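Okay, structure first, notes after.
This is a predicted model, so every value here is computed, not measured. Note that these values count all heavy atoms, side chains included, but never hydrogens, waters or copies made by symmetry. Note on naming: letters A, B, ... go to the chains in the order of the sequence lines (proteins, then strands), and numbering restarts at 1 for each one.
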Amino acid sequence: MGDVLAARSQMAVSLGFHILFAVVGIAMPVLMIIAEARWRRTGDAMYLELAKRWAKGTAILFAVGAVSGTVLSFELGLLWPGFMRFAGAIIGMPFSLEGFAFFAEAIFLGVYLYGWQRISPRAHIVAGSLVAVSGAASALFVVIANAWMNTPAGFRLRNGAPVDVDPIAAMLTPAAFPEVLHMLLAAYAATGFAVAGIHAFMLLRDNRNAFHRRALGVALLVGVPAAIVQPISGDVSARYVAHWQPPKLAAMEGQFRTQSGAPLRIGGIPDVDAQRTRWAIEIPNGLSLLAFHDPHALVRGLDAVPRRDWPPVPVVHVAFQIMVGLGTYLALLGLWVAIDAGRRRDLAANRWLLRAVAIASPMGFVCIEAGWTVTEVGRQPWVIYGVMRTADSVTPMPGLIVPFLVISALYCFLGVVVVWLLYDLVMRSPITREGDGAMAPVAA
Amino acid sequence: MATAIAFVALVSLNAYVLLAGADFGGGVWDLLATGPRRAEQRALIAEAIGPIWEANHVWLILVVVLLFTCFPAVYSGLAIALHIPLTLMLIGIVLRGSAFAFRSYGSNEDAPQRRWGRVFAIASLLTPVLLGVCIGAIASGRVGEVLEQLNGGGAREPFVSMYVSPWLSPFTIAVGALALCVFAFLAATYLTVEAQEAELREDFRRRALAAAIAVFVTALLALVLARWHAPRMSAGLIASSWAPALHVLTGVAAILAIAALWIRKWRVARVAVAAQVTFIVWGWAAAQAPYLVPPTLSISNAAAPSRTLVLFLIALALGAIVLLPSITYLFRLFKSSRVHEPGAGRTK
Ligand code: HDD
Ligand code: HEM
Ligand code: HEM
């Protein structure tokens with residue numbers, strides 16, 4: 001493995017790991033404050049128990065999120081000093097603002113987790129809300145930085161160096177709005193369905209469990225609306241990509257030839273040497289329609305750019321298909337839940353629905369990994385689209401395979417531990433039945 | 001303006017050392033917990049660190065984003081030359097933080113608790129040493145020399161002389177040991193204030209006094225070694241107009257801290273030890289000013305365009321307005337009124 005590939009792989013592992021925890025850090029506070037608010041309103045102690053248990057799981061995930069994020073903020077330099085030297089002054093701004101958001105988040109998380117007995121109920125809910133808001137703000141700022149890498153702005157090039165740096169313009173790039181919106185919705189959809197899926201699974205085993213019924217309700221309340229609007233937001237993203245990064249769109253769709261009235265391909269494997277995508281279901285004019293809202297629009301294929309500027313087409317195409325496929329499933333499932341809930345049916349009584357939710361548990365997270373693969377791999381060979389190549393930004397230090405393997409091993413180990421701890425936590429959840437008078441949870 | 005920002009960086013680093021440093025020091029005392037009150041010592045440390053370590057940790061992130069926004073060349077330069085110790089430090093940070101969380105929130109059974117406690121403690125031991133090593137390497141001027149070579153584009157030296165020997169010398173190791181002792185000293189002194197029972201206090205008083213001696217020894221060692229391995233630093237310590245004054249202040253604060261511990265004035269000792277450590281940090285900065293990475297990158301030649309600096313200062317001011325009261329609130333909540341609810345911290 002060459003040094004650039006090792007560095008890219010290390011970045012991919014670190015980011016792919018961090019995002020899982022970051023997403024939980026964005027959305028879990030919302031679930032917890034909903035549960036806590038319901039407890040305040042109804043006096044139902046089960047909701048309090050729920051908020052506390054979720055808080056316990058979140059604390060573990062949050063700590064791993066914070067340390068893996070710290071790793072990233074160093075890795076940007078450790079692996080890509082050329083990139084940071086160029087971009088630091090331009091996009092340092094959103095990173096700095098993100099730093100302040102982390103501060104707020106860490107402070108109020110401390111207050112929230114350790115303050116149950118120390119502060120008033122109202123102050124406790126406010127602290128929880130501030131955690132939720134600052135979590136969303138961190139995501140906002142860091143994704144803005146990423147958007148700049150896709151649609152760089154706010155500087156001019158002179159002799160290969162940036163001049164006339166305008167950090168504000170660098171924050172307001174065309175990619176910023178679609179990416180941020182899509183990312184935030186993704187966080188709520190993925191976390192909501194992941195949690196709902198776990199509790200649905202427990203309900204399949206013990207249907208009258210009052211604890212899991214309440215948990216399912218709160219989690220779906222967060223996950224369902226986000227999942228339903230996610231395809232719309234995805235369409236906004238796809239149209240910005242079509243306009244600003246044609247090679248990425250072409251790779252997503254396996255579109256090798258420039259053509260008007262391009263078809264939408266579902267599935268299939270791009271064959272780069274033969275320059276065609278095999279075994280795909282083609283919907284005539286579909287791509288032109290979706291990407292430009294005009295069935296005859298011209299879609300630029302990969303042939304519009306030199307071969308050395310192609311991203312790895314099969315990876316991008318397959319990742320995109322996975323995201324859209326699973327995203328469609330989540331959106332349809334969301335509609336089903338919404339309709340059932342609208343008719344005031346008992347969701348937990350519908351075993352088919354529970355099964356459908358249970359298998360959806362990992363899907364949002366898979367979508368997130370796939371979506372980021374599309375964004376990041378689809379940007380290759382550029383680290384700053386059209387401005388700086390990834391290979392030119394890598395550190396001069398040789399032997400990068402070693403840190404890559406070390407970090408990967410560390411994260412594998414942590415991942416296993418986290419899964420095991422959460423499993424333990426879920427399996428010890430209270431077994432109070434619906435209708436039992438006593439609310440004392442049988443818990444460790 | 002760049003100078004103002006460099007000051008902010010120093011203040012943040014100082015805050016990180018005072019706050020997160022003590023959290024690391026807590027881990028050291030967790031590892032070294034002995035005697036009949038071993039369990040109580042560990043519980044006190046966990047309780048003291050629990051609510052605040054994540055917030056304390058953000059000071060480091062602030063230093064990092066500040067460097068790469070306002071002094072990008074410094075950030076990327078350090079990342080190249082110190083790749084190996086920084087990566088090792090990151091591993092320490094990851095293991096410390098996650099092991100602490102696993103222990104606090106994971107299963108209550110004894111065996112995993114002890115295992116995570118061990119990981120937490122060992123990671124707390126290694127991370128400060130590596131931080132000290134990195135600072136020592138910068139101060140010694142060796143990092144700057146590597147960067148000059150890289151920029152010069154001349155013949156590449158062998159791997160070891162580029163990426164290992166600049167940070168691996170008796171001097172940097174002495175600075176690493178100094179950092180570790182300083183953190184342990186901070187932690188033990190803070191814990192005398194936090195402890196509720198007299199016996200526990202005495203335990204940490206003894207530990208603080210021992211750490212004070214260790215700080216003295218390692219500091220002396222680092223100063224002596226600096227003559228050979230960091231001649232520039234050594235010269236700076238003598239030549240700079242501020243440095244001697246800071247030295248005297250460090251000494252005064254150290255004596256005050258030890259005296260206060262001796263006569264059991266816990267709060268005075270806490271202030272004095274914080275002052276001592278602050279003076280050490282500022283003394284180092286004064287010795288290498290105006291360089292960030294001597295002898296190459298200075299505050300003026302590494303600064304980002306002024307537009308970026310202005311915006312950063314504005315953001316900083318706004319951030320401070322929101323965050324400083326919040327931090328004060330966090331500390332007031334968990335560090336002042338411990339009396340009525342000992343042990344109520346953990347959401348068990
Ligand atoms: C729960 C997660 C989730 C779901 C259900 C979807 N996505 Fe997505 N998608 C993401 C999570 C995600 C993401 C991981 O959050 C990305 C990566 C970068 C970004 O902004 O969002 C992303 C990126 C992303 C991009 C690339 C943007 C870029 O390169 O900057 C496009 C075009 C879409 N998505 C389109 C869709 C469509 C048409 C969906 C229809 C179902 C869809 N996404 C569902
Ligand atoms: C889209 C990608 C990302 C999102 C949505 C995101 C979001 C978050 C969130 C919500 C947190 C809070 C901690 C938690 O919830 O566990 C966090 C932590 C962190 N992230 Fe990320 N992040 C992303 C990528 C990055 C990148 C690329 C960096 C590197 C610069 C980074 C640096 C950090 C740091 C330093 C922390 C720790 C803050 C603390 O100590 O509390 N993140 N991130
Ligand atoms: C957290 C969600 C993210 C994931 C899962 C992710 C994933 C990836 C992947 C897979 C790569 C390797 C691409 C390749 O080499 O083929 C990569 C590269 C990179 N990403 Fe991201 N990314 C995320 C967010 C971000 C953000 C928010 C930033 C910065 C603001 C960022 C900055 C980078 C950089 C600098 C590289 C290396 C250069 C390159 O390969 O282009 N990423 N990321």
Side-chain angles (χ1 to χ4, degrees), chain A residues 52 55-57 59-60 62-64 66-71 73-74 76-78 81-82 84-90 92-93 95-100 102-104 106-111 113-119 165-168 395-399 403 406 410 414 417 421 424 444, chain B residues 50-52 54-55 57-58 60-62 64-66 68-70 72-73 75-80 83 86-87 90-91 93-98 100-102 104-108 150 159 162-163 304-305 307-308 311-312 315-316 319 322-323 326-327 329-330 333-334 337 341 344-347:
Chain A
K52 287 200 168 178
K56 213 167 156 177
I60 296 176
F62 207 95
V64 180
V67 292
S68 61
T70 309
V71 172
S73 56
F74 279 89
L76 284 177
L78 291 173
M84 288 315 289
R85 197 179 179 137
F86 183 96
I90 309 172
M93 205 57 204
F95 278 115
S96 311
L97 295 172
E98 193 201 13
F100 296 135
F102 290 150
F103 243 131
I107 291 169
F108 290 105
L109 188 77
V111 173
L113 290 178
Y114 288 82
W116 288 96
Q117 281 105 327
R118 283 171 189 258
I119 55 178
V165 168
D166 180 355
I168 302 278
T395 180
M397 193 182 91
V406 170
L410 179 68
L414 283 187
V417 174
L421 286 175
D424 195 55
Chain B
I52 52 166
E54 295 212 29
H57 174 77
V58 184
L60 179 65
I61 294 165
L62 191 62
V64 171
V65 294
L66 189 150
F68 78 54
T69 309
C70 302
Y75 173 78
S76 59
L78 294 181
I80 294 173
H83 190 114
L86 286 175
T87 303
L90 285 175
I91 295 171
I93 289 178
V94 167
L95 285 177
R96 196 278 301 239
S98 30
F100 184 76
F102 295 162
S104 308
Y105 299 103
S107 114
N108 289 346
L150 281 173
F159 185 86
M162 292 288 284
Y163 298 107
R307 185 107 174 236
T308 304
L311 280 168
F312 184 86
L316 188 74
V322 179
L323 291 175
S326 311
I327 295 177
Y329 174 66
L330 178 75
L333 195 59
F334 293 105
S337 60
E341 263 186 330
R346 294 214 278 177
T347 47

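- Take A:Phe100 and apply the ring pair (Phe, Tyr, Trp, His ring centres under 6.0 Å) test, not counting sequence neighbours, and it matches no residue.
- Below 30°, between 30° and 60°, or above 60°: for A:Phe108 and B:Tyr329 the angle between ring planes is between 30° and 60°, a tilted geometry.
- In this structure, chain B has heavy atoms under 4.5 Å from both the backbone and the side chain of A:Leu78.
- Heavy-atom distances place both the backbone and the side chain of B:Ile93 under 4.5 Å from chain A.
- With a 4.5 Å cut-off on non-hydrogen atoms, A:Ser96 touches chain B through its backbone and its side chain both.
- Heavy-atom minimum distance, B:Gly97 versus A:Ala63: O-CB, 4.2 Å.
- The line from CG of B:Leu316 to CG of A:Leu97 is 10.5 Å long, rounded to the nearest 0.5 Å.
- Heavy atoms of A:Pro403 lying under 4.5 Å from chain B belong exclusively to its side chain.
- If you measure heavy-atom distances from B:Leu60 to chain A, the contacts under 4.5 Å come from the side chain alone.
- Neither the backbone nor the side chain of B:Leu78 has a heavy atom closer than 4.5 Å to any heavy atom of chain A.
- Using a 4.5 Å cut-off between heavy atoms, B:Val64 touches chain A through its side chain atoms alone.
- Using a 3.5 Å distance cut-off with no hydrogens or angles, the side chains of A:Thr395 and B:His83 do not pair a donor with an acceptor.
- Put simply, of A:Ala104, A:Ala87, A:Pro398, the one with the most heavy-atom pairs under 4.5 Å next to chain B is A:Pro398.
- Interface remark: B:Tyr75 contributes side-chain atoms only to the contact with chain A (heavy atom separation under 4.5 Å).
- Within the 4.5 Å cutoff, the side chain of B:Val65 has no heavy atoms near those of the A:Glu98 side chain.
- The residue among A:Ile168, A:Asp166, A:Val406 with the most heavy atom pairs within less than 4.5 Å of chain B is A:Asp166.
- Only the side chain of A:Leu410 comes within contact range of chain B, judged by heavy atoms closer than 4.5 Å.
- Between the CD1 atom in A:Ile60 and the CG atom in A:Leu414 there is a gap of 12.0 Å [rounded to 0.5 Å].
- The CG atom of B:Leu95 sits 11.0 Å away from atom CG of B:Leu90, with the distance rounded to the nearest 0.5 Å.
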